[in-house]
Protein chains: 2
Amino acid sequence: MAEQAETLRRTPLSRDRVLRAAVALADEAGIESLSMRNLAQDLGVVPMALYKHVANKDELLDGMIDVIVGQIDPPASDIHWKDAIRRRVLSAREVLRRHPWAPLAIESRTMATPAVLAYLDSVVATFKAGGFSANLAHHVMHTMGSRVLGFSQELFDASRQAGRSGATTPEPPAALPPEFAARFPHLAEIAGAASHDDQSIVGEGCDDQFEFEFALDLLLDGIERLHQRGWTSPRRNG
Amino acid sequence: MAEQAETLRRTPLSRDRVLRAAVALADEAGIESLSMRNLAQDLGVVPMALYKHVANKDELLDGMIDVIVGQIDPPASDIHWKDAIRRRVLSAREVLRRHPWAPLAIESRTMATPAVLAYLDSVVATFKAGGFSANLAHHVMHTMGSRVLGFSQELFDASRQAGRSGATTPEPPAALPPEFAARFPHLAEIAGAASHDDQSIVGEGCDDQFEFEFALDLLLDGIERLHQRGWTSPRRNG
DNA sequence: TTGACAGGTGTACGCCGTACACCTACCGTC
DNA sequence: GACGGTAGGTGTACGGCGTACACCTGTCAA
């Protein structure tokens, strides 16, 4: 009996069990209560035991994000791109709404985790399958921002780096690692596809300001159209 | 001489000086280096001295945000709403780009600070001056999200509350304090203006899901329009 | 002269992440 | 069956954090 209890308690820890417990803890007690100590206690284990499964707290957060993003529905095929994107985004939103802490966590990571990149890659793929040029797909991804993830934010915002900014260090474009192109081919394709001019400045990376204004103007144009039509309510005849 | 140094060092601390120093520290060393201890050291003072000017670190962050948001250009009048909004948003973006840590800080605050509310209120005012109904202005504010602040995010996202969610406590709408209506009349007006149906569910607050889909569809429609026109580059003839 | 008070100080507490040395139970190999 | 390696849980300790609380000190009104 004591033996059984022992066995039970000793259900071996694993990276997966740690991540799930962390997500559960954040869900029910808030992300601010997620400490290595609290998490360890929930798992009936001493804090340092966790470090055998995750490198540190940042990696724990990354892992939690991946667990969640992995739950977003796979892309539907054989339907119009617009509907496919719409469904996917709403699925993402649904998933993220179950984990209210997740949007901020995703945004605060220095850069996207593999699961997030995979998701974004598949969204780009959907646009491209719908006949979008890499160029337009690029702008469109910026325009949707992280709304594509069920909330919104500039996803590729270099300013997020948090570090000592200062105009002194222009911070080179930090070319993507080669494995990146292999794993996320569509992202890789649009990464170089931002020609903001006919004389495209090749390899210049992308112009944040341009992307921001592009999205802003698309929004303002859409808003103007509503306004001019005398929009009042989505369904006039209920 | 020693006297002079004394006098200099003793330039009295003030809430304003604390906030400015905090912004400067966050700007140059990153928000993660902003601790009460580091800040105190920068000011040549002992950590606890700060607490005579700000209640705690959260209030410090709120104050820092207000300092920054207060720098956004005042609204231009006598020009078309679309141009007015565009300029204002780009001004906001410019301000926030000087403080890369600010967007995340703004998002992570439980609720908007007075300066943020004042800014949003004035943006709503611009829409209304352009002839928008309170209803449309409401949706449009959601659609722009915090892009209106130079980045993007659902601004009024209740899920941000971080706390123990759980479907068990439906969390009452938490009616706005009465002073709110007086200080931010336009926000107050649109707050109750979300009729998603002809039989408007009065006082129901607003339907996040509806707002999200409204914005998503506006984006997708705009994107579809670009796509159908065979959009390739913003300026075809350089 | 005095006493209130605004504002800076010093100490201490309980939290945090995590480095490092340790122990222990299991494994494949001989 | 003995044995060494290794995966994984433990215990202790350190430096940093936010901040409560008691204290001191200089200024100014009465």
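Chain A is the first sequence line, chain B the second, and so forth, proteins listed ahead of strands; every chain is numbered from 1.
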request  = Return the residues of residues 46-62 of chain B meeting this criterion: a heavy atom under 4.0 Å from some atom of DNA chain C. Order them by number, or give none.
outcome  = Val46(B), Met48(B), Ala49(B), Lys52(B), His53(B)

query = When you measure from the side chain of Val45(B), which nucleotide among dG8(C), dA12(C), dG9(D) comes out closest?
reply = dG8(C)

Run the side-chain donor-acceptor check on residues 50-57 of chain B: report pairs under 3.5 Å with partners two or more places apart or on a different chain.
{"unit_1": "Asn56(B)", "atom_1": "OD1", "unit_2": "Asp58(B)", "atom_2": "N", "d": "3.2"}
{"unit_1": "Asn56(B)", "atom_1": "OD1", "unit_2": "Glu59(B)", "atom_2": "N", "d": "2.9"}
{"unit_1": "Lys57(B)", "atom_1": "NZ", "unit_2": "Leu34(B)", "atom_2": "O", "d": "2.7"}

inquiry  = Can you measure Glu32(A) atom CD to dG18(D) atom P for me and round it to whole angstrom units?
reply    = 16 Å

ask   = What pairs with Asp42(A) under side-chain contact (heavy atoms from CB on, under 4.5 Å), at least two apart in sequence or on another chain?
value = Leu25(A)

inquiry  = Please report the distance, rounded to the nearest Å, between CG in Leu34(B) and P in dT19(D).
reply    = 12 Å

ask   = Met36(B) has an atom CE; how far is it from atom P of dC16(C), in whole Å?
value = 20 Å

key: Test side-chain contact (heavy atoms from CB on, under 4.5 Å) applied to Ala105(A) - qualifying residues, sequence neighbours left out   = Ile65(A), Trp101(A)

query = Restricting to pairs with a member in residues 61-77 of chain A, which pass salt bridge (Lys or Arg N to Asp or Glu O under 4.0 Å), not counting sequence neighbours?
reply = Asp62(A)-Arg109(A)

ask   = Between dG18(D), dC16(C), dG8(C), which one does the side chain of Leu13(B) approach most closely?
value = dG8(C)

ask   = Is the Phe210(A) to His142(A) ring centre distance short of 6.0 Å?
value = no

query = Within the modelled atom types, does a donor on one side and an acceptor on the other bring the side chain of Arg37(B) and the base of dG18(D) under 3.5 Å apart?
reply = yes

key: Rounded distance (Å) that lies between atom C1' of dG8(C) and atom CZ of Arg17(B)   = 13 Å

task = Report the residues that fulfil side-chain contact (heavy atoms from CB on, under 4.5 Å) with Gln71(B), sequence neighbours left out, ordered by chain and then residue number.
result = Val67(B), Val95(B), Arg98(B), His99(B)

